Amino acid sequence: MNITRRAALASAAIAAASAGLPNPAFSQARQVVVGTWGGDYGELLRQNIDVPLIAPQGIEVLQDIANADPRKTKILAERTARRGTMDVACLSDTDMNMMSQQNALETLDTSKLSRWGSVVPALRKPYAVPHIYSALVLLYNPSKVTTPPTGFSDMWDPKYRGRVGFSDILYSTNTFAAAMAGGGSFSDYRPSQAKLMELRGLDAKIYPSNEALATALKEEEVWMTPMWLARGYMWQKAGIPLRHVVPREGVYAILFEAAMTRNSRNKEAAYAYLDAMLRAEAQVAFADRMGYLPTVTDARLPPAVAAAISLSEADQARLRSPDYDYLIRSHAEILDFWNRQFKG
């Protein structure tokens, strides 16, 4: 901190003390800015972490709300700044891996995380804490799709023309589903291009958000969509008539993580927030509301919730994380094709 900056803060502190106001330097030190999607996720953070676990520590939480891509752009743009504007970033495991590969995240000192020992060992990474996870499934309306589907390839059945829908923000996982239906793999999405164009010819619909897709499912405008099992569970609880099938083509895991940005302003507050995200009671609340499985070993789900969102032993054995290296290499091509060819 330069002399001018120190003098300005000292003067402000004296003036604040004289007026009975909070010290601006202290106030900033007791804030943590959390980058998140907002919506249901942001509200659950507020209800189960921000208010009950962080506020009592005297830390104010500010949510920086945006979709993943603009938040990733901000994190990368601020790598060389003296201080960033985001302390904790919440992202999917794929996006988080991209940020780590580009040296935008802090390597965690796990000795500062009292809950680290409770994390499922297979989910531990040096640059992020695992928060919640689920699997990509095929959701369908049982009153409209009377023969239960068995995999992603059922979306291409002509009898479902105009009844298959996608959430635009899930372009990467939608592309994965198309690739697997076309004979691709976790490391080869090339077959997706021909399959997506086939589906475009079958009048597939694209919605700007998960919430917009949920409305289409509720109104029975859409009968079938690839989606996270957790979100399908949440929509079922909201009264949308849905069932799911774990696709025969492959079981794709989604893990949502949180990390400290490389130039976090308030690392102590960031560690406090990351530790709170690993509290068992907070993760159980996410499971009960959103259907995501906990990443800590001491979280105990209510039996009805566990039965609805857990995978069978056979499906657990097939569960795989994405090929992060492949997605980093192919991300621009996947997004470009989705926007220019499939949507265009």
Side-chain angles (χ1 to χ4, degrees), residues 22-68 70-72 74-75 78 83-93 95-96 99 105-106 108-110 112-116 118-119 123 127-134 209-211 230-231 234 237 255-261 263-296 298-299 301 305:
N23 184 326
F26 177 79
S27 297
Q28 185 184 60
R30 303 304 292 172
Q31 285 183 347
V32 61
V33 179
V34 179
T36 177
W37 300 266
D40 297 308
Y41 190 90
E43 184 57 31
L44 283 170
L45 289 179
R46 274 188 288 271
Q47 292 176 355
N48 299 287
I49 297 175
D50 303 2
V51 174
L53 302 179
I54 299 300
Q57 299 182 51
I59 300 172
E60 179 187 11
V61 179
L62 303 177
Q63 290 193 2
D64 184 346
I65 296 174
N67 285 335
R71 282 191 286 116
K72 288 188 296 180
K74 177 186 287 189
I75 292 168
E78 294 181 347
R83 291 185 179 184
T85 60
M86 193 184 307
D87 300 303
V88 172
C90 300
L91 292 167
S92 72
D93 52 347
D95 288 334
M96 198 71 82
M99 296 297 97
L105 305 177
E106 186 79 9
L108 296 177
D109 179 354
T110 57
K112 296 182 178 180
L113 297 170
S114 66
R115 293 285 301 158
W116 188 251
S118 299
V119 175
L123 301 179
Y127 55 82
V129 300
H131 185 211
I132 50 179
Y133 78 100
S134 190
S209 66
N210 293 336
E211 290 76 16
R231 193 161 285 274
M234 184 172 65
K237 285 184 65 176
L255 179 64
F256 290 99
E257 300 173 327
M260 188 188 309
T261 58
N263 53 2
S264 164
R265 299 172 307 157
N266 299 308
K267 296 186 185 297
E268 181 182 351
Y271 273 117
Y273 198 89
L274 294 174
D275 206 35
M277 293 183 80
L278 296 174
R279 291 276 289 270
E281 65 270 31
Q283 293 203 2
V284 169
F286 269 79
D288 185 49
R289 170 80 178 274
M290 293 187 75
Y292 284 94
L293 292 164
T295 62
V296 292
D298 55 348
L301 298 180
V305 176

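Remember, it's a predicted structure, so these values are computed and weren't measured experimentally.
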For Tyr127, give me all partners under ring-ring contact (aromatic ring centres under 6.0 Å, His included), at least two apart in sequence or on another chain.
none
Residue list, side-chain contact (heavy atoms from CB on, under 4.5 Å) with Ala299, at least two apart or on another chain
Ala280, Val284, Pro294, Val296
Would you say that Tyr41 contacts Ile132 through its side chain, given a criterion of any heavy-atom pair below 4.5 Å between the two side chains?
yes
Sequence neighbours left out, what passes side chain to side chain donor-acceptor pair (under 3.5 Å) with Gln47? Give chain and number order.
Glu43
Taking only residues two or more places apart in sequence, or in another chain, which ones meet Tyr273 in a ring-ring contact (aromatic ring centres under 6.0 Å, His included)?
none
Do you know the tightest heavy-atom contact between Pro130 and Leu278?
O-CD2, 3.3 Å
Gln63 side chain to Gly42 backbone, donor-acceptor under 3.5 Å:
yes
Beyond-backbone contact of Asp93 with Met96, side-chain heavy atoms, under 4.5 angstrom:
no
Could you tell me whether the side chain of Leu53 reaches within less than 4.5 Å of the side chain of Met277, counting heavy atoms only?
no
Report the distance from atom CD1 of Ile75 to atom CE of Met99, rounding to the nearest 0.5 Å.
6.0 Å
List for me each residue that meets ring-ring contact (aromatic ring centres under 6.0 Å, His included) alongside Tyr292, sequence neighbours excluded, and say none if there are none.
Phe256
Quick one: side-chain contact (heavy atoms from CB on, under 4.5 Å) partners of Asp288, sequence neighbours excluded?
Tyr233, Lys237, Val305
Which residues satisfy the ring-ring contact (aromatic ring centres under 6.0 Å, His included) test with Trp116, sequence neighbours excluded?
none
Leu274 side chain reached by Lys112 side chain, heavy atoms, under 4.5 Å
no
When rounded to the nearest 0.5 Å, the distance separating CD of Glu60 from CD1 of Ile54 is 12.5 Å
Please list, chain by chain and in numerical order, all residues satisfying side chain to side chain donor-acceptor pair (under 3.5 Å) with Arg71, sequence neighbours excluded.
none
For Lys74, what residues pass the side chain to side chain donor-acceptor pair (under 3.5 Å) criterion, not counting sequence neighbours?
Asp64
At what distance, to the nearest 0.5 angstrom, does CH2 of Trp37 lie from OG of Ser92?
6.5 Å
Distance col, row Gln283:CD vs Arg115:CZ, nearest 0.5 angstrom, shows 7.5 Å
Thr36 vs Ile65, side chain to side chain contact (heavy atoms under 4.5 Å, CB included): CA-CA, chis, key distance, verdict:
CA-CA 5 Å; Thr36 177; Ile65 296 174; 4.2 Å; yes
Does any non-hydrogen side-chain atom of Val32 lie less than 4.5 Å from one of Asn266?
no
Min side-chain heavy-atom separation Arg279-Asn48 under 4.5 Å:
no
Where do Thr295 and Val129 land on the side chain to side chain contact (heavy atoms under 4.5 Å, CB included) test, with the steps shown first?
CA-CA 9 Å; Thr295 62; Val129 300; over 6 Å; no
Among residues at least two apart in sequence or on other chains, which ones pass salt bridge (Lys or Arg N to Asp or Glu O under 4.0 Å) with Asp275?
none
To the nearest 0.5 Å, atom CG of Asp40 lies from atom CE of Met290 at 5.5 Å
The side chain to side chain donor-acceptor pair (under 3.5 Å) partners of Ser264 (sequence neighbours excluded) come to Asp87
Would you please test Glu268 and Arg30 for side chain to side chain contact (heavy atoms under 4.5 Å, CB included) and show each step?
CA-CA 9 Å; Glu268 181 182 351; Arg30 303 304 292 172; 4.3 Å; yes
Sequence neighbours left out, what passes side-chain contact (heavy atoms from CB on, under 4.5 Å) with Asn263? Give chain and number order.
Glu78, Ala81, Thr261
How far does CG of Leu91 sit from NE2 of His131, to the nearest 0.5 angstrom?
13.5 Å
